Amino acid sequence: MRPSCLVLECEQTEGGHTILLRSPALGRRVDAIPMHELGRADLSRYRGLLLGLHCDQRHLAARREQLEAYLAGGGTIVFCGHLAYPFVTGMERYRVIPNYRVDDLRVRKERPHAVWEGVAEDDMTFRRGVAGFYGRGHNPPPAGAEVINTLGPARVPVDWEWRPRAGGRVLVHAGADLWMYLETEGTAARLAPQLLDWIDAGSAA
Amino acid sequence: MSRRAILDGGTYYHAEALHGRRYRGCFGEILYAPELTAEHLSDVGLLIVPDRTAPAILRAKRPLLLDVLHRGGTLVVFAETGAAAWAPNVSWHFSPVNFWWWRHDEPPPPVALRAAGHSLFRHLSLADCVWHHHGSLAAPSGATPLVTLGETEPAPCLIYEDRVSSAGRLIVSTLDPFYHHGSHFMPAATRFLDGFARWAEEDWKS
């Protein structure tokens, strides 16, 4: 099968990319290229572009034209991390929850979404008993974005999906890479396969 | 007087740690790593490579980085930069990160401070160096272990200083303070950078 997703490789020994790429079920569905070779990639060959937390966002911002053209052509961009250099018009910089405590980091599901189906809130909130990996703030959702999950009593929008007027889909998670949870115990391991399925299903999903 | 500088990998945590309010200007000139040129480093005597700067970029810029050492300058290199592929005599060993020890009544990593007289420890305590580490380093013969795991000989290093492998001074670490401070996710990492920033200022002036 031809991989339908492209991930930008940042050569970090632990965390998402490696786990995803070596998974027999999912690795064959994903291509990887070095982060800074984005400009040479033919994105039109892929349904999804996965941008993880270690990406050089200055480089992404410099490639805005390519990324927006990809969206306009119907592509899906999944971004995990804190936005420091907006690379798509309409996206804004990350804001941390000031002086957060554990209760501020509790994940709450706001609406059903195929990527998060069957994933328990506590399995997102805690990793080996440690809270905060999932998110400690938010990338402000643009007008028209649908908030999927929030954090704490302030209901900080940690996950959202947005369909820019120019086309395509943008899924944003303000925390560690969603595909990192693949090797964890519990329902959060469903995130990566469901993410790839959601990308493949396209806008009809 | 020579200049000091720090590389910026363009990540969000480098943006927060280098351009954010707390440490803005503390580490000298900020140089975007993918665009680094020999001219940028022409009179740089202290260059900091923050953790998680893209290894592919650092390999491509290797001659410029080695030139700092060759001229007798100081290069400080943090974790997850693939240093074994581009810096002299760096030998790195992978070990899985234990990020949960403090939640499960497990003992903290057996981190030991060595060479207590080193200038770094005028500004850093041992506790400032303890959160977790990304593998360990085998210090080359003649190098000085600064922070180790345990006190056996030879102890795996979390930080060492090497004045023998080049004409300059290479300080290598498997800690990732820029990532954690820049991610708002580890108070010890912020304390580490507070002390490291004071050391970098003092070292550059001395």
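All of these numbers come straight from a predicted model, not from anything done at the bench.
Heavy atoms closer than 4.5 Å to chain A are found nowhere in B:His14, neither backbone nor side chain. Of the atoms belonging to A:Ile97, not a single heavy atom falls under 4.5 Å from chain B.
Minimum interatomic distance between A:His54 and B:Thr11 (heavy atoms only, all atoms of both residues): O-CG2, 3.5 Å. In plain terms, the two heavy atoms of B:Phe185 and A:Phe133 that are nearest each other are CZ-N, 3.6 Å. Across every non-hydrogen atom of A:Asp56 and B:Pro34, the tightest pair is OD2-CG, 3.5 Å. A:His59 approaches B:Tyr32 most closely through the heavy-atom pair N-OH, 3.4 Å.
Side-chain N or O atoms of A:Arg136 include one that pairs as donor or acceptor with a backbone N or O of B:Ser183 at under 3.5 Å.
Side-chain atoms of A:His82 and B:Tyr13 form no donor-acceptor pair, as typed in the model, at a separation below 3.5 Å.
Evaluation of the salt bridge (charged side-chain N to carboxylate O under 4.0 Å, His left out) rule for B:Glu202 yields B:Arg122 as partners, not counting sequence neighbours. By the side chain to side chain donor-acceptor pair (under 3.5 Å) test, A:Tyr46 is found to be paired with A:Asp31, residues two or more places apart in sequence or in another chain being considered.
Shown here is B:Arg22, whose CZ atom has more than 12 heavy atoms of other residues, nucleotides or ligands within 6.0 Å. Under a cut-off of 6.0 angstrom, the local environment of CD in B:Glu153 is crowded, with over 12 non-hydrogen atoms contributed by other residues, nucleotides or ligands.
Residues of residues 53-71 of chain B lying within less than 4.5 angstrom of chain A, judged on heavy atoms, are B:Ala54, B:Pro55, B:Ala56, B:Ile57, B:Arg59 in numerical order.
Looking at heavy atoms from C-beta onward, B:Tyr12 lies out of side-chain contact with A:Leu83 at the 4.5 angstrom threshold.
Outside the 6.0 Å centre-distance limit, the rings of B:His184 and A:Tyr100 are not counted as a close aromatic pair.
Counting only residues at least two apart or in different chains, salt bridge (charged side-chain N to carboxylate O under 4.0 Å, His left out) contacts with residues 175-190 of chain B comprise B:Arg52-B:Asp176.
By number of non-hydrogen pairs under 4.5 angstrom with chain B, the leading residue of A:Cys10, A:Pro34, A:Cys55 is A:Cys55.
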Verdict with reasoning, A:Val96 to B:Glu16, per side chain to side chain contact (heavy atoms under 4.5 Å, CB included) = CA-CA 11 Å; A:Val96 69; B:Glu16 175 66 26; over 6 Å; no
